[in-house]
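The structure displayed is predicted, hence computed values, not measured ones. Whatever order the structure lists ligands and atoms in, that order sets their numbers, starting from 1. What's counted below: heavy atoms across the whole structure, side chains too, no hydrogens, waters or symmetry copies.
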Amino acid sequence: MPQPNGSISFILNDREVTLSDIAPTATLLDYLRLDRRLTGTKEGCAEGDCGACTVLVGRLVGDRLVYEGVNACIRFLGSLQASHVVTVEHLAGQDGTLHPVQQAMVDFHGSQ
Ligand code: FES
(Lines give C-alpha, C1' and ligand atoms only; values in the text may rest on other atoms or scores of the structure.)
Protein backbone atom coordinates (compact mmCIF):
# COMPACT_ATOMS: atom_id res chain seq x y z
CA MET A 1 0.00 0.00 0.00
CA PRO A 2 1.43 3.41 -0.92
CA GLN A 3 2.28 5.96 1.75
CA PRO A 4 -0.22 8.79 2.39
CA ASN A 5 1.63 11.10 -0.04
CA GLY A 6 1.26 8.52 -2.82
CA SER A 7 4.89 7.47 -2.83
CA ILE A 8 6.36 4.08 -1.99
CA SER A 9 9.68 3.16 -0.41
CA PHE A 10 11.44 -0.16 -0.51
CA ILE A 11 14.94 -1.62 -0.53
CA LEU A 12 16.28 -2.67 -3.92
CA ASN A 13 19.25 -4.94 -3.33
CA ASP A 14 21.18 -2.77 -0.85
CA ARG A 15 19.71 0.68 -1.52
CA GLU A 16 16.56 2.41 -0.39
CA VAL A 17 14.32 3.56 -3.20
CA THR A 18 11.47 6.05 -2.98
CA LEU A 19 9.17 6.43 -5.97
CA SER A 20 6.18 8.65 -6.63
CA ASP A 21 3.71 9.07 -9.47
CA ILE A 22 3.76 5.37 -10.23
CA ALA A 23 1.44 4.22 -12.98
CA PRO A 24 -1.04 1.70 -11.57
CA THR A 25 -0.03 -0.80 -14.24
CA ALA A 26 3.75 -0.35 -13.85
CA THR A 27 5.44 -3.70 -13.27
CA LEU A 28 8.49 -4.50 -11.20
CA LEU A 29 10.08 -6.12 -14.27
CA ASP A 30 9.87 -2.97 -16.39
CA TYR A 31 11.17 -0.88 -13.51
CA LEU A 32 14.16 -3.18 -12.99
CA ARG A 33 15.08 -3.53 -16.64
CA LEU A 34 14.16 -0.16 -18.12
CA ASP A 35 14.64 2.26 -15.24
CA ARG A 36 17.40 0.58 -13.24
CA ARG A 37 19.14 -1.34 -16.04
CA LEU A 38 19.16 -4.49 -13.90
CA THR A 39 18.92 -6.70 -16.95
CA GLY A 40 19.84 -9.92 -15.17
CA THR A 41 16.10 -10.20 -14.55
CA LYS A 42 14.82 -11.47 -17.89
CA GLU A 43 11.54 -11.10 -19.72
CA GLY A 44 10.25 -14.31 -21.24
CA CYS A 45 6.51 -14.83 -21.42
CA ALA A 46 5.54 -11.60 -19.60
CA GLU A 47 2.48 -13.33 -18.19
CA GLY A 48 3.73 -15.20 -15.14
CA ASP A 49 4.34 -18.63 -16.65
CA CYS A 50 8.06 -19.10 -17.40
CA GLY A 51 9.91 -17.74 -14.35
CA ALA A 52 12.57 -15.86 -16.33
CA CYS A 53 11.75 -12.73 -14.34
CA THR A 54 11.97 -14.27 -10.87
CA VAL A 55 13.25 -12.04 -8.07
CA LEU A 56 13.09 -12.34 -4.32
CA VAL A 57 10.75 -10.11 -2.36
CA GLY A 58 11.11 -10.02 1.39
CA ARG A 59 8.61 -8.70 3.89
CA LEU A 60 8.53 -8.42 7.64
CA VAL A 61 6.43 -11.13 9.21
CA GLY A 62 6.44 -10.58 12.92
CA ASP A 63 10.06 -9.82 13.71
CA ARG A 64 11.70 -11.57 10.78
CA LEU A 65 12.08 -11.04 7.06
CA VAL A 66 10.44 -13.72 4.97
CA TYR A 67 11.46 -13.95 1.31
CA GLU A 68 9.52 -15.46 -1.55
CA GLY A 69 10.26 -15.80 -5.22
CA VAL A 70 7.92 -13.68 -7.31
CA ASN A 71 7.39 -13.17 -11.02
CA ALA A 72 8.39 -9.54 -11.57
CA CYS A 73 6.43 -9.38 -14.83
CA ILE A 74 3.12 -9.65 -13.02
CA ARG A 75 4.08 -7.89 -9.80
CA PHE A 76 2.85 -4.32 -9.71
CA LEU A 77 5.48 -1.83 -8.62
CA GLY A 78 3.02 -0.10 -6.32
CA SER A 79 2.74 -3.22 -4.18
CA LEU A 80 6.33 -3.10 -2.94
CA GLN A 81 5.97 -0.64 -0.07
CA ALA A 82 8.26 -1.65 2.83
CA SER A 83 9.67 -4.70 1.08
CA HIS A 84 13.16 -5.86 0.13
CA VAL A 85 13.64 -6.73 -3.54
CA VAL A 86 16.67 -8.85 -4.40
CA THR A 87 17.79 -9.33 -7.99
CA VAL A 88 20.39 -11.69 -9.39
CA GLU A 89 22.92 -8.87 -9.53
CA HIS A 90 22.92 -8.74 -5.75
CA LEU A 91 23.86 -12.37 -5.25
CA ALA A 92 27.56 -11.99 -6.07
CA GLY A 93 30.03 -11.29 -3.27
CA GLN A 94 31.36 -7.78 -2.75
CA ASP A 95 34.64 -8.90 -4.31
CA GLY A 96 32.79 -10.03 -7.43
CA THR A 97 32.88 -13.72 -6.56
CA LEU A 98 29.86 -15.37 -8.09
CA HIS A 99 27.22 -16.92 -5.86
CA PRO A 100 27.20 -20.72 -6.28
CA VAL A 101 23.93 -20.44 -8.18
CA GLN A 102 25.45 -17.90 -10.58
CA GLN A 103 28.54 -20.06 -11.01
CA ALA A 104 26.37 -23.06 -11.81
CA MET A 105 24.58 -20.98 -14.47
CA VAL A 106 27.95 -20.19 -16.05
CA ASP A 107 29.28 -23.73 -15.76
CA PHE A 108 26.21 -25.34 -17.26
CA HIS A 109 25.35 -22.62 -19.82
CA GLY A 110 22.12 -21.69 -18.10
CA SER A 111 20.02 -18.88 -19.49
CA GLN A 112 17.44 -18.33 -16.77
FE1 FES B 1 7.72 -15.31 -17.75
FE2 FES B 1 7.68 -13.37 -15.95
S3 FES B 1 8.51 -13.29 -17.93
S4 FES B 1 7.04 -15.43 -15.70
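Within the coordination shell of atom 2 (Fe) of ligand 1, defined by N, O or S atoms under 2.8 Å, C73 is present. Residue side and main chain included, C53 places an N/O/S atom under 2.8 Å of atom 2 (Fe) of ligand 1.
In this structure, the side chains of E43 and C73 stay at 4.5 Å or more apart for every pair of heavy atoms. Contact of the L80 side chain with the R75 side chain is registered, since non-hydrogen atoms from C-beta on lie closer than 4.5 Å. A 4.5 Å side-chain heavy-atom check between T18 and I8 finds every atom pair outside the cut-off. Contact check for F10 versus V85: side-chain heavy atoms found under the 4.5 Å cut-off.
Taking every non-hydrogen atom of G44 and a distance limit under 4.0 Å, the qualifying atoms of ligand 1 come out as 3 (S). Proximity to G48 (heavy-atom distance under 4.0 Å) selects the following atoms of ligand 1: 4 (S). The ligand atoms of ligand 1 that sit less than 4.0 angstrom from a heavy atom of A46 are 1 (Fe), 3 (S).
In this structure, Q81 contributes its side chain and S9 its backbone to a donor-acceptor pair below 3.5 Å.
Among all non-hydrogen protein atoms, the one lying nearest atom 4 (S) of ligand 1 is G51 N, 3.2 Å.
Under 4.0 Å from ligand 1, the heavy atoms of D49 that appear belong solely to its backbone.
Atom CG of D107 sits in a crowded spot, with more than 12 heavy atoms from other residues, nucleotides or ligands closer than 6.0 Å.
Around atom 1 (Fe) of ligand 1, the angle linking C45 (SG) with C50 (SG) is 100°, rounded to 10 degrees.
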